[in-house]
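Only one structure is covered here, and it is reproduced in the block below.
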Amino acid sequence: MIYRELGKTGLKISIIGFGGMRFFNKDEATADATVKRCLDRGINFFETGSYGGGKTETMLGKALWQNCRREDVVLADKATACNLPTGDEVRASLEAALERYQTDYFDVFNFWGTNTREMHEHVLKNGPLDAVLKAKEEGLVRSIGLTTHAQPDWIRDFVDEYPWDMVVLKDHMLYSR
């Protein structure tokens with residue numbers, strides 16, 4: 001497996017990562033076998049969110065900790081930016097995700113779906129970023145990023161407005177143009 005540094009995080013991740021978005025509709029045996037196969041092939045980057053009412057986080061965490069040690073993986077999760085959450089809502093989402101994963105920290109915590117200038121400004125100025133920065137100070141988060149489907153010129157502005165550790169873009173190797 002080839003590994004590269006992830007943005008400005010200092011983390012070395014496999015060039016192929018695992019996204020557990022659809023885990024909520026799988027059984028535990030399938031989740032366990034899938035994660036084990038990923039680990040056996042050198043994949044060390046795992047990411048999901050609270051899909052299926054948080055079931056994806058619970059299943060991915062259980063499968064990971066049955067097959068590896070926490071320090072062997074780079075774990076990412078996210079809170080939505082789409083519904084313009086408060087800082088308290090983001091903090092509650094982060095704490096609930098940590099509990100479902102059965103872990104003490106996220107290597108990366110992203111603001112998911114930061115697709116408009118309004119969403120980005122809200123994250124920066126109305127409490128969500130402050131909540132995650134506080135969590136970072138407390139050791140619950142190591143790096144902060146955003147995910148976006150925004151227009152390219154907006155994404156450049158987002159990066160100019162705040163020094164995100166990483167940015168996840170909408171393009172995907174299986175769905176690129």
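Dense packing is recorded around NZ of Lys55, with more than 12 heavy atoms of other residues, nucleotides or ligands lying under 6.0 Å away. Counting non-hydrogen atoms of neighbouring residues, nucleotides and ligands closer than 6.0 angstrom, the CD atom of Glu118 reaches no more than 12 such neighbours. Environment of CD in Glu5: crowded, with over 12 heavy atoms of neighbouring residues, nucleotides or ligands closer than 6.0 Å. Within a 6.0 Å radius of CZ in Arg37, no more than 12 heavy atoms belonging to other residues, nucleotides or ligands are found. When the shell of 6.0 Å around CG of Asp40 is examined, it contains more than 12 heavy atoms from other residues, nucleotides or ligands. Within 6.0 Å of NZ in Lys8 there are more than 12 heavy atoms belonging to other residues, nucleotides or ligands.
Between Leu94 and Leu140 the shortest side-chain heavy-atom distance falls below 4.5 Å. In this structure, the side chains of Thr116 and Met119 come closer than 4.5 Å at one or more pairs of heavy atoms. Taking 4.5 Å as the limit, every side-chain heavy atom of Leu146 sits out of range of all side-chain heavy atoms of Asn110. Inter-residue side-chain proximity for Val74 and Phe46 is flagged as unmet; no heavy-atom pair is nearer than 4.5 Å. Considering only heavy atoms from C-beta on, Phe45 comes within 4.5 Å of Leu6 through its side chain. Using a 4.5 Å heavy-atom threshold, the side chains of Phe18 and Glu47 count as separate. Under the 4.5 Å side-chain criterion, counting only non-hydrogen atoms from C-beta, Val108 is in contact with Leu11. Side-chain contact between Ile144 and Phe111 is present, with at least one heavy-atom pair separated by less than 4.5 Å.
Linking Ile, Leu, Val, Met, Phe, Trp and Tyr whenever their side-chain heavy atoms come within less than 4.5 Å puts Ile15 and Leu75 in one cluster. Hydrophobic clustering (side-chain heavy atoms under 4.5 Å, transitive across Ile, Leu, Val, Met, Phe, Trp, Tyr) groups Val73 together with Leu60. Put simply, Leu169 and Ile13 are part of two different groups of oily side chains (I, L, V, M, F, W, Y) that touch within less than 4.5 Å, one to the next. Transitive grouping of hydrophobic side chains (ILVMFWY, heavy atoms separated by less than 4.5 Å) brings Val90 and Val167 into a common cluster. Taking hydrophobic clusters as Ile, Leu, Val, Met, Phe, Trp and Tyr residues chained together by side-chain heavy-atom distances below 4.5 Å, Met59 shares a cluster with Trp65.
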Step by step, would you call Glu138 with Arg91 a salt bridge (charged side-chain N to carboxylate O under 4.0 Å, His left out)? CA-CA 12 Å; Glu138 296 168 358; Arg91 178 62 185 236; 2.6 Å; yes

Stepwise salt bridge (charged side-chain N to carboxylate O under 4.0 Å, His left out) check, Asp77 with Arg100: CA-CA 11 Å; Asp77 204 85; Arg100 286 190 291 268; over 6 Å; no

Applying salt bridge (charged side-chain N to carboxylate O under 4.0 Å, His left out) to Arg69 and Asp72, what does each step give before you reach the verdict? CA-CA 5 Å; Arg69 298 171 305 162; Asp72 294 335; 2.9 Å; yes

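Across all their heavy atoms, Glu28 and Lys62 have their closest contact at OE1-NZ, 2.7 Å. When all heavy atoms of Val141 and Ser143 are compared, the closest pair comes out as CG1-O, 3.2 Å.
Thr147 places a side-chain N or O within 3.5 Å of a backbone atom of Gly113 that can act as its donor or acceptor partner. In this structure, the side chain of Thr34 engages the main chain of Thr30 through a donor-acceptor pair within 3.5 Å.
Salt bridge status for Arg70 with Asp107: present, with a side-chain N to carboxylate O gap under 4.0 Å. In this structure, Asp153 does not pair ionically with Arg156, as no charged nitrogen and carboxylate oxygen lie closer than 4.0 Å.
Evaluation of the ring-ring contact (aromatic ring centres under 6.0 Å, His included) test over residues 119-140, restricted to residues two or more places apart or in two chains, returns His120-Phe158, His120-Trp164.
In this model, a donor atom of one side chain and an acceptor atom of the other lie less than 3.5 Å apart for Asn67 and Asp32. No hydrogens or angles considered: nothing links the side chains of Arg142 and Thr9 as a donor-acceptor pair under 3.5 Å.
Under the 30°/60° scheme for interplanar angles, the aromatic rings of Phe109 and Phe106 are found to be tilted.
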